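Fair warning: this is a prediction, and the values are worked out from it, not measured in the lab.
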Amino acid sequence: MSFYAVDSKRQKMVTTSIVNEVKEWEERDGRRRPSETQARDEATGMPLWQIEVVYRQTSFGRESMVTGVVEVGCPHRPVVAEFAPVEFVDLTVEARVNRAGALTEMWRADRLLDEGKPAAAPSGQSAGGSAASKGAA
């Protein structure tokens, strides 16, 4: 297993707005299955969430868009806008080979840069909006 630190500002990611709880795994009837209990970060005790993202990848000289999930600890369900840029604090990726022999990536971050608060403005506008949008009516 190889872990790599990733600069969240350079690896641009966009959220799909899908956020799911990470479930703990349990042994039941001789099989490993997800339980009903939400997993927690071992270091911080924070509940873990998976935030679905889309990012650009280049493989063998071919560019493509890839959907992945970033696991992050947050005391509440993160609120992320659909197709909005997102940045993470201490983002890492683990590259591993699965049973089928394919390379897979597991993304993790300590937290969201904005802690999962709703976006104040649509993409491309400042948080306060433009003077024209405020209008002098």
Enquirer: What I'd like to find out is whether the side chain of Gln11 reaches to under 4.5 Å of the side chain of Gln57, using heavy atoms alone.
Expert: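 Counting from C-beta outward, Gln11 and Gln57 never come under 4.5 Å.
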Enquirer: For the residue pair Tyr55 and Trp107, is the inter-centroid distance of their aromatic rings smaller than 6.0 Å?
Expert: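 Judged by ring-centre distance (under 6.0 Å), Tyr55 and Trp107 do meet the cut-off.
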Enquirer: Given side chains that start at C-beta, do those of Glu52 and Thr67 come closer than 4.5 Å, heavy atoms only?
Expert: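 Side-chain contact under 4.5 Å: yes.
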Enquirer: Can any side-chain N or O of Ser8 pair as donor or acceptor with the backbone N or O of Phe88 at less than 3.5 Å?
Expert: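 Judged by distance alone, yes, a pair lies under 3.5 Å.
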Enquirer: For the pair Glu71 and Arg108, find out whether any cationic side-chain nitrogen is under 4.0 Å from an anionic carboxylate oxygen.
Expert: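 Yes, charged N to carboxylate O under 4.0 Å.
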Enquirer: Please name all residues satisfying salt bridge (Lys or Arg N to Asp or Glu O under 4.0 Å) with Glu24, sequence neighbours left out, ordered by chain then number.
Expert: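 So Glu24 forms no salt bridge (Lys or Arg N to Asp or Glu O under 4.0 Å) with any residue.
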Enquirer: One thing to verify: whether Glu63 and Arg56 come together as a salt bridge, which I'm taking to mean a side-chain N less than 4.0 angstrom from a carboxylate O.
Expert: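 Between Glu63 and Arg56 there is a salt bridge, with a charged N closer than 4.0 Å to a carboxylate O.
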Enquirer: Might you point out which heavy atoms bring Pro34 and Arg28 nearest each other, and give the distance in Å?
Expert: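 That closest heavy-atom pairing would be O-NH2, 3.7 Å.
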Enquirer: Is there a path of hydrophobic side-chain contacts, each under 4.5 Å between heavy atoms of I/L/V/M/F/W/Y residues, joining Ile51 to Val66?
Expert: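 Yes, Val66 connects to Ile51 through the hydrophobic network.
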Enquirer: Taking NZ, NE, NH1 and NH2 as the nitrogens, is one of them in Arg96 or Glu94 under 4.0 Å from a carboxylate oxygen of the other?
Expert: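 Yes, charged N to carboxylate O under 4.0 Å.
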Enquirer: Verify the cluster assignment for Met46 and Val22: are they in a single hydrophobic cluster under the rule of side-chain heavy atoms below 4.5 Å apart?
Expert: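 No, separate clusters.
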Enquirer: Does Val69 share a hydrophobic cluster with Leu112, counting links as ILVMFWY side-chain heavy atoms below 4.5 Å and allowing steps through other members?
Expert: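 Different hydrophobic clusters.
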Enquirer: Just by distance, do the side chain of Lys23 and the backbone of Glu36 share a donor-acceptor pair under 3.5 Å?
Expert: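 Present.
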Enquirer: Using a 6.0 Å cut-off, check whether atom CZ of Arg33 has over 12 heavy atoms from anything other than its own residue.
Expert: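 Yes, the 6.0 Å shell around CZ holds more than 12 heavy atoms from other groups.
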Enquirer: Applying salt bridge (Lys or Arg N to Asp or Glu O under 4.0 Å) to Glu87 and Lys9, what does each step give before you reach the verdict?
Expert: CA-CA 7 Å; Glu87 288 185 27; Lys9 291 180 194 284; 3.6 Å; yes
Enquirer: Might you work through the side-chain contact (heavy atoms from CB on, under 4.5 Å) test for Thr16 and Val54, ending with a clear yes or no?
Expert: CA-CA 7 Å; Thr16 64; Val54 178; 3.7 Å; yes
Enquirer: Nearest 0.5 Å, what's the CG-CG distance between Leu48 and Asn20?
Expert: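 Those atoms lie 13.0 Å apart.
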Enquirer: Evaluate whether atom CD of Glu27 has more than 12 neighbouring non-hydrogen atoms of other residues, nucleotides or ligands under 6.0 angstrom away.
Expert: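 Yes, CD of Glu27 has more than 12 neighbouring heavy atoms, counting only those of other groups under 6.0 Å.
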Enquirer: Can you tell me which residue among Leu91, Thr92, Val93 is in a side chain to side chain contact (heavy atoms under 4.5 Å, CB included) with Tyr4?
Expert: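 Considering Leu91, Thr92, Val93, a side chain to side chain contact (heavy atoms under 4.5 Å, CB included) with Tyr4 is found only for Val93.
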Enquirer: Between Thr15 (side chain) and Ala81 (backbone), is there a donor-acceptor pair under 3.5 Å?
Expert: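 Checking the backbone N and O of Ala81 against the side chain of Thr15, a donor-acceptor pair under 3.5 Å is found.
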Enquirer: Test your reading of the model: is there a side-chain donor-acceptor pair from Trp49 to the backbone of Gly73, 3.5 Å cut-off?
Expert: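 No; zero donor-acceptor contacts below 3.5 Å.
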Enquirer: According to a hydrophobic-cluster definition based on side-chain heavy atoms being under 4.5 Å apart (Ile, Leu, Val, Met, Phe, Trp, Tyr only), do Met65 and Val80 belong together?
Expert: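 As far as the 4.5 Å side-chain criterion goes, Val80 and Met65 are not connected within one cluster.
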Enquirer: Is a side-chain donor or acceptor of Asp29 paired with a backbone partner of Arg31 at a separation under 3.5 angstrom?
Expert: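 No: the side chain of Asp29 does not pair with the backbone of Arg31.
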